[in-house]
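Sequence lines set the chain letters: A, B, ... in the order given, protein chains first and strands last, and positions in each chain run from 1. Because only heavy atoms are used, hydrogens play no part in the values below, and waters and symmetry mates are left out as well, while side chains stay in.
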Protein chains: 4
Amino acid sequence: MSEKRLHILEVAEQLFYEKGFEGTSVRDIANTASVNLAMISYYFGSKEKLLTALVEWRAGYIQGVLNELVTDETLDPFEKIDRLVNLYTDKIFNHSRFHCIMTTHLPTIQSEKIKQLMTDIKLRNLDNIRRIITEGQKKGFFRKVDIELTVASIMGTITHITSSKPLYYKIYGIERNNAEAYNKKIAPKLKTHLKQLLRTHLDIKSDTGML
Amino acid sequence: MSEKRLHILEVAEQLFYEKGFEGTSVRDIANTASVNLAMISYYFGSKEKLLTALVEWRAGYIQGVLNELVTDETLDPFEKIDRLVNLYTDKIFNHSRFHCIMTTHLPTIQSEKIKQLMTDIKLRNLDNIRRIITEGQKKGFFRKVDIELTVASIMGTITHITSSKPLYYKIYGIERNNAEAYNKKIAPKLKTHLKQLLRTHLDIKSDTGML
Amino acid sequence: MSEKRLHILEVAEQLFYEKGFEGTSVRDIANTASVNLAMISYYFGSKEKLLTALVEWRAGYIQGVLNELVTDETLDPFEKIDRLVNLYTDKIFNHSRFHCIMTTHLPTIQSEKIKQLMTDIKLRNLDNIRRIITEGQKKGFFRKVDIELTVASIMGTITHITSSKPLYYKIYGIERNNAEAYNKKIAPKLKTHLKQLLRTHLDIKSDTGML
Amino acid sequence: MSEKRLHILEVAEQLFYEKGFEGTSVRDIANTASVNLAMISYYFGSKEKLLTALVEWRAGYIQGVLNELVTDETLDPFEKIDRLVNLYTDKIFNHSRFHCIMTTHLPTIQSEKIKQLMTDIKLRNLDNIRRIITEGQKKGFFRKVDIELTVASIMGTITHITSSKPLYYKIYGIERNNAEAYNKKIAPKLKTHLKQLLRTHLDIKSDTGML
DNA sequence: CATGAATGAGGGTTCATTCAT
DNA sequence: AATGAATGAACCCTCATTCAT
């Protein structure tokens, strides 16, 4: 992939993140990327195909490592959950702009192709986590929980944090748009919170007989 | 507020939910609402002011009851949390379209006024929940947790569920766009899940000394 | 139909005649007609629909009178042919620009709707003339000729004259673009030529037994 | 001329015929001809020069034989007319696409050079036919007719037939775009029709004293 | 000789908004 | 109060062409 093509994708990601897909014009992207307007059609065919290219380029970012984690035999279920939290938090924080696009802007895109792509990714993620929890249950470490909603709590918490940056900038007194400082400050807190939340949630010893 | 004005707001909410703010044209709204195109500028001044009017109209939906809950002296902290979960889940599910607009589409709006409005609402919500948890801690029921991130888990979980409808339609085998069936099936599950998650998370007896 | 709408149609006709449909931009039309660019979409929906509107507006110009002619019982077949020639020549000369668009530019339009519209008009014209000739044959005035090709000779001759103006300007020494002088000079000649051509062609007494 | 150059010309002819000059993009031609886009400018300089090259390549198709015919001393005037009809019909049918481009699309081209080229060709054709008819008149076979309009009838009839294919496909029940079947069926009919039309038109014995 | 990359101009269309009535 | 007509700006995209290699 040519360097210019990559540059366009990066710029598009930034602008889609800031202003949404519909709110970003191809002219915006061309100007910001210091690229001729026609180049974008030349490289990608259309604005929507540019978005598709962006999704295809970034979508793999969460795969791979996850598979290793799931099949690792040396870790006990709690360790796996901890690693899972680390993994997801890091991945999402490192690609927070794209993650925001995925979760907030893509749903409004009318393209069925993109919708299908997104649903597939989410289903695969869900499936991997499901296997970790199920394994923990079989081994007697975890109690019975609603797996889909547990996943929703993990993903939802991280998403909430990444997509409510303006709010948390204020709460934590971080200067606006200093994303690096934000990540550095929030990521460890978030990991600790999620690990603790999931430990008490999953630990069979926590069972209060509520369900 | 005139009936026609309300009708326009309802139609706008539906369309903003489906296609985003930028993806919805004033013509769309006028046609769908069977209203003259010029009426919308006439009533609201501009497209952005229409959105502001929508936010102001709907934003109060979570207030009021929450204040009562916080200051209610007859409930113990766990009961307050349970009520809080019921309250939020119901409110958000009953206004899921508007909630989606708030969490997914509004962040891209460039208007500072709207951003400020949203941040205010979120801060107020956060503050109310913070008071419930702090009270529980003072009374010795709750242990020390990261309050901001706990709120993030509550809001994030609900948001994740409401904004990933297409995915959960598939998982739970609900026919597409049957929002009522979705709410009826998911809401009780979600309430139970959140209550349990928060009970073990907050209960001082669950403290594993992780923090 | 509003005056402005009519004006746009007239301007479009002139420009389509001069430069073809594809060679004429909507901006051309808007500027020439001193009309805002967006008005054209406002009135007609699209460039192609503007063309359709033009066709529908002008297409009736040959109808009506033709029907009267066909059913007129007081004229003998040769008189009917003479009148037919007068009628067609006048009509086409009076709308020569539109006639050129019909015969030369429309065939390249990809729109099936317009193609169908044109074919219908031509078929109806053909049918009317066929009835005149058939009637003349039944009454024993006309001999057996290939009717379709006879019509082709009538229409083709007129079309050739109207669409080869630059050539005939030169031949007849008329100053360029003086359409009025052209029509005044050529129309009578053309009528005489066609009447004579058709008389000898159709007259049963001319039959040389070639067919 | 290189083979590739010829191929480009053939493809261009086909596309100009189908969609007009302005309606055909250089990309269309390049893709259809499986040739690099830049090749076309490389070979021909510009789109308009490509058209000029096409005209120059094909324009000679009617020349040559005609000169022989005019100066042939062994044929009587009627035989010359018959041969002329055969010659023109065959030539035009064999190059019907180019003939259509000449008569329908070229007039909109703004290039003065091309217009001049076309006018020259037409004038030369007119002149040749004029000499045949004049000769027939001098020898006492033909009566006095309007020569220019007689030529218009010949050319116009053939042009009408070749440029109204869609109509005649329908009339004669030929499957669409089967040009070969069309030519095979129509050409003989057309020749017979024109010969008969011209014989009675020109024959001094047909003179009805109308003129 | 040939081509992928790049460009400025212009294409048709839609936008949110305003005006005259 | 209410609306059809009108507008300037901007939309995404494609155009014919050129240039460096």
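Checking B:Phe21 against C:Thr24, the closest nucleotide of DNA chain E that is more toward the 5' end is the one next to C:Thr24. When each of B:Met39 and D:Asp28 is assigned the nucleotide of DNA chain F with its nearest heavy atom, B:Met39 is the one assigned upstream, toward the 5' end. Of the two residues near DNA chain F, A:Ser41 and D:Ser41, the one whose nearest nucleotide lies more 5' is A:Ser41. Between B:Ser46 and C:Val26, the residue anchored closer to the 5' end of DNA chain E is C:Val26, taking for each the nucleotide with the nearest heavy atom.
Distance CD1/B:Ile8 to OG/B:Ser2: 7.0 Å, rounded to 0.5 Å.
Geometric assessment of A:Lys49 against the ring of A:Tyr43 yields a negative cation-pi assignment under the 6.0 Å and 45° thresholds.
Between the NZ atom of A:Lys49 and the C1' atom of F:dC12 there is a distance of 13 Å, rounded to whole Å. Summarising the geometry, the separation between CG on C:Asn31 and C1' on F:dT7 is reported as 14 Å, rounded to the nearest angstrom. The nearest whole Å value for the distance from the CD1 atom in B:Ile40 to the C1' atom in E:dT18 is 15 Å. Distance A:Phe16 CZ to F:dC12 C1': 12 Å, rounded to the nearest Å. At whole-Å resolution of the value, CD1 in B:Ile8 and P in F:dA2 are 10 Å apart. As rounded to whole Å, 17 Å separates atom P of E:dT14 from atom CD1 of B:Ile29. When the C1' atom of F:dA6 is taken as reference, atom CD of C:Glu3 falls 16 Å away, rounded to whole Å. Taking atom NZ of D:Lys47 as the reference point, atom P of E:dG11 lies 13 Å away to the nearest angstrom.
Checking the phosphate oxygens (OP1, OP2) of E:dA6, no side-chain nitrogen or oxygen of A:Tyr42 falls inside 4.0 Å. Taking only side-chain nitrogens and oxygens, B:Ser25 comes nearer than 4.0 Å to OP1 or OP2 of E:dC15. Residue C:Tyr43 has a polar side-chain atom (N or O) positioned under 4.0 Å from OP1 or OP2 of F:dA6. Residue B:Lys4 places none of its side-chain N or O atoms closer than 4.0 Å to OP1 or OP2 of F:dA2.
Note on B:Leu37: a base of the nucleic acid sits closer than 4.0 angstrom, heavy atoms only.
Closest to the side chain of B:Asn36, out of F:dT3, E:dG4, E:dT7, is F:dT3.
Pairing for F:dT14 goes to E:dA9, judged as Watson-Crick or G-U wobble with the two contacts each under 3.5 Å. Within the shown strands, E:dA20 is the pairing partner of F:dT3 under the Watson-Crick or G-U definition, both distances less than 3.5 Å.
Under the 3.5 Å distance criterion, the side-chain polar atoms of A:Lys47 are matched with a main-chain donor or acceptor of A:Phe21. Between the side chain of D:Thr52 and the backbone N or O of D:Glu48 there is at least one donor-acceptor pair closer than 3.5 Å.
The shortest distance between side-chain heavy atoms of B:Lys19 and B:Asp28 falls below 4.5 Å. Considering only heavy atoms from C-beta on, A:Leu50 comes within 4.5 Å of A:Ile29 through its side chain.
Within 3.5 Å, no donor on the side chain of A:Arg27 pairs with an acceptor on the base of F:dA10, nor the reverse.
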